[in-house]
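Throughout, protein chains are lettered first and strands after them, A, B, ... in sequence-line order, and every chain is numbered starting at 1.
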Protein chains: 2
Amino acid sequence: MVTIKEVAKKANVAVSTASYALNGIKKVSPETKEKVLQAARELNYRKNGFASDLKRNSTKTLALILSDLSGPFYSELIRGVQDVATDHGYDLIACSAIGGENSTAAKFLTEHRVDGCIVLAHNITDEMLKNVAHHHFPIILLDREIEIDSTVHVRVSNKRGGFKATEYLIQNGHTDIAFVSGPSNSYDNKMRFAGYQEALQAYNIEPQNKWVVSGNFTREGGESAANILAAQDQGPTAVFFANDEMAVGGMEAFQKRGISIPNDISIIGFDDILEAKYVNPKLTTIRQPKYEMGASATHLIFQMLKNEKVNPIFELHTDLIIRESVKKL
Amino acid sequence: MVTIKEVAKKANVAVSTASYALNGIKKVSPETKEKVLQAARELNYRKNGFASDLKRNSTKTLALILSDLSGPFYSELIRGVQDVATDHGYDLIACSAIGGENSTAAKFLTEHRVDGCIVLAHNITDEMLKNVAHHHFPIILLDREIEIDSTVHVRVSNKRGGFKATEYLIQNGHTDIAFVSGPSNSYDNKMRFAGYQEALQAYNIEPQNKWVVSGNFTREGGESAANILAAQDQGPTAVFFANDEMAVGGMEAFQKRGISIPNDISIIGFDDILEAKYVNPKLTTIRQPKYEMGASATHLIFQMLKNEKVNPIFELHTDLIIRESVKKL
DNA sequence: GTGAAAGCGCTAACAT
DNA sequence: ATGTTAGCGCTTTCAC
């Protein structure tokens with residue numbers, strides 16, 4: 001490996017001069033600069049980023065921690081993060097939390113390898129986050145329930161969204177409304193369900209246990225939930241899937257059984273994934289402001305980096321997107 | 001920031017001893033070890049990963065360079081990379097090549113921040129790759145045309161795949177076969193088109209310029225290509241979309257115009273994306289072995305790291321996946 | 001088993 | 001404008 005020392009020697013200057021030249025610091029005369037650059041080129045010099053970060057005590061990079069790099073994820077959200085990071089001259093890397101304590105995520109979280117982290121991973125334990133969170137190392141948690149000291153949460157109003165979805169169904173004349181839930185340990189799911197229940201109550205509709213079935217947030221889960229619902233003597237006239245992924249699977253399952261959407265049954269989802277508008281009929285759903293979530297999270301990091309005080313909770317709103325999958329009764 | 005020095009002081013040992021204890025090196029007696037660990041806990045010590053990497057001169061991490069972190073990408077491929085990296089005790093980070101010379105990707109490529117790179121990004125120039133590639137820094141290029149010294153290429157047999165797709169159409173009685181191409185600067189696209197042409201020639205079918213339309217590898221591009229094709233007096237009986245993304249868009253566009261698939265027109269794609277089997281009718285396509293691409297690329301990196309000789313080109317094969325979108329004439 | 005000390009490659013304060 | 005040098009936090013050789 002060729003170091004700055006060798007470059008300096010070849011250019012007949014001191015290391016400091018070489019460093020200044022290489023970093024474009026004006027102190028150095030144009031001729032010396034060119035000499036250094038030339039030497040660097042000839043030696044094919046590449047700086048050692050770690051050494052430089054170590055010295056400067058700053059990495060100018062942010063990490064985005066995801067449950068699984070290869071999982072499906074919100075590209076809009078990432079774009080939000082990326083845009084803001086770039087605006088501030090920061091780099092962004094993504095890493096996976098698979099492996100828990102031994103994951104790449106853990107390494108970045110604990111070893112001062114980045115200046116801040118955005119965590120969108122449910123496989124990172126609260127325990128670990130607690131151990132790592134301290135001042136001067138900003139951590140933003142997305143969609144987490146538990147509050148952790150010196151950590152900031154960015155959330156979406158899942159409960160209000162669940163309420164809106166259910167209310168929209170009710171306003172279209174539905175009273176027999178099923179809820180297909182995600183995994184029970186999911187904070188998102190819990191809140192969306194709470195919104196569903198609240199809406200039923202607000203409109204004096206008796207909740208029915210048989211109409212709450214679970215679907216694990218996956219397409220397949222949505223299919224089997226739809227099949228369970230369709231097999232009942234007296235099925236619901238509408239179903240609220242706790243995410244679009246399941247709604248898409250559910251729609252397919254209903255249609256396969258000859259049940260027409262929205263004529264025989266109305267469907268509403270949650271998330272507004274890309275596919276929602278390509279499915280047939282187009283899916284009515286609750287949109288999460290994903291780009292804004294990413295952008296806000298990143299803005300918060302920079303505020304924290306500047307030692308500004310930030311509110312520990314930042315909540316964003318949801319919108320009802322009306323398309324074609326709900327019929328007025 | 002609390003350093004190992006402070007831990008050592010608190011534990012009343014030398015830094016070296018603290019280092020041994022912290023790294024689980026057996027030299028140190030159980031009691032001293034416990035003393036050190038205790039001190040570290042109390043001080044909430046986090047090691048500085050850079051300092052350690054700098055000293056060890058190895059990062060034990062690989063970078064996966066993508067055109068755009070927020071773009072749609074092959075999660076199967078990433079899983080392949082991830083699995084193999086993990087097996088070798090390496091970490092994996094993903095970063096974006098947006099910004100070219102100033103991108104995060106460039107930083108990782110040039111600054112010795114990782115032990116090897118897998119590049120799946122067309123916005124990294126050959127020039128840059130050339131400057132960076134040298135022995136002891138393994139770089140694997142995915143789906144690239146130009147060969148670069150001391151760099152290894154993993155490819156898929158796009159041309160054979162294009163041939164197979166076209167041949168399958170021909171074997172089903174089609175002779176009026178359109179080709180919807182991707183961006184002209186894409187190596188994948190070029191090769192798939194070459195396969196298409198070769199198949200036509202092999203079966204003595206006259207190629208028709210009016211049946212080659214471009215679609216930019218996007219869903220929208222597929223839609224407009226389909227619309228162009230559908231508007232022709234005498235349209236094709238089959239169309240080969242150079243990727244599934246476009247095929248899905250094209251199918252929707254055809255169906256919107258009342259053209260039935262596969263009754264009125266047959267469709268074949270390329271890639272076998274997840275959606276291919278959820279679309280209606282299910283899409284017949286050419287599958288790329290994406291997991292294997294990722295896994296092979298990563299294996300190659302480790303071979304290079306061990307200074308083993310590797311072949312500069314590694315080609316994987318494609319398979320025809322027959323589903324429902326092609327009809328026998 | 002433990003400690004002292006060199007040094008990884010770089011930056012920046014200070015001296016010239 | 002350029003050079004000398006301390007030191008970032010860590011690992012590891014060598015001496016005890």
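Salt bridge status for A:E34 with A:R41: present, with a side-chain N to carboxylate O gap under 4.0 Å. In summary, A:E42 and A:K10 engage in a salt bridge, as defined by a charged side-chain N under 4.0 Å from a carboxylate O.
Considering only side-chain atoms of A:I4, the nucleotide from D:dG3, D:dC10, C:dC10 that sits closest is C:dC10. Closest approach to the B:L54 side chain among C:dA4, D:dT2, C:dG9 is made by C:dG9 (side chain taken as heavy atoms from C-beta onward). Of all nucleotides listed (D:dG9, C:dG3, D:dT2), D:dT2 comes nearest to the side chain of A:K27. Distances were taken from every side-chain heavy atom of A:Y20 (C-beta onward) to each of C:dT2, C:dT11, C:dA13; the shortest belongs to C:dA13.
In this structure, A:N57 reaches neither bases nor backbone, as no heavy-atom distance under 4.0 Å exists between it and the strands shown. B:T3 comes within 4.0 angstrom of sugar-phosphate atoms only, judged by non-hydrogen atoms across all strands, and of no base. Within the 4.0 angstrom heavy-atom criterion, only backbone atoms of the sugar-phosphate kind lie near B:V13; the bases stay farther away.
Distance B:M1 CE to D:dG7 P: 17 Å, rounded to the nearest Å. A:R56 has its CZ atom 10 Å from the C1' atom of C:dA12, to the nearest Å. The distance between atom CZ of B:R113 and atom C1' of C:dC10, rounded to the nearest whole Å, is 12 Å. If you take NZ of B:K33 and C1' of C:dT2, they are 16 Å apart, rounded to a whole angstrom. What separates NZ of A:K55 from C1' of D:dC8 is a distance of 5 Å, to the nearest Å. Across the protein-nucleic acid pair, A:L22 atom CG and C:dC10 atom C1' stand 11 Å apart, rounded to whole Å. Note: CD1 (B:I25) to C1' (D:dT11) measures 8 Å, nearest angstrom. Rounded to an integer number of Å, the gap from A:E31 CD to D:dT2 P is 7 Å.
Regarding contacts with the backbone of D:dA1, every side-chain N or O of A:T32 stays at 4.0 angstrom or more from both OP1 and OP2. At C:dG3, one or more side-chain N or O atoms of B:T17 fall inside 4.0 Å of OP1 or OP2 (strictly under the cut-off). Under 4.0 angstrom from either OP1 or OP2 of D:dT11 there lies at least one side-chain N or O belonging to B:N23. Proximity of B:K47 to the phosphate of D:dT11: a side-chain N or O atom is located under 4.0 Å from OP1 or OP2. Between B:S16 and the phosphate of D:dT12, there is no side-chain N or O to OP1/OP2 separation shorter than 4.0 Å. Contact annotation: B:S29 reaches the phosphate of C:dT2 (side-chain N/O to OP1 or OP2, under 4.0 Å). Within the structure, a side-chain polar atom (N or O) of B:S52 is placed less than 4.0 Å from OP1 or OP2 of D:dT11.
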>> Please evaluate residues A:Y291 and A:D83 with respect to the criterion side chain to side chain donor-acceptor pair (under 3.5 Å), reporting the C-alpha separation (whole Å), side-chain torsions for both, the decisive distance (0.1 Å), and the verdict.
In response: CA-CA 10 Å; A:Y291 181 91; A:D83 285 354; 2.6 Å; yes
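In this model, no side-chain donor or acceptor of A:K5 finds a partner on the base of C:dG9 within 3.5 Å.
Other residues, nucleotides and ligands contribute more than 12 heavy atoms inside 6.0 Å of the NZ atom of B:K290.
Between the side chain of A:N23 and the main chain of A:I25, no donor-acceptor pair closer than 3.5 Å is present.
None of B:L64, B:V119, B:L77 except one satisfies the side chain to side chain contact (heavy atoms under 4.5 Å, CB included) rule with B:L142; the exception is B:L77.
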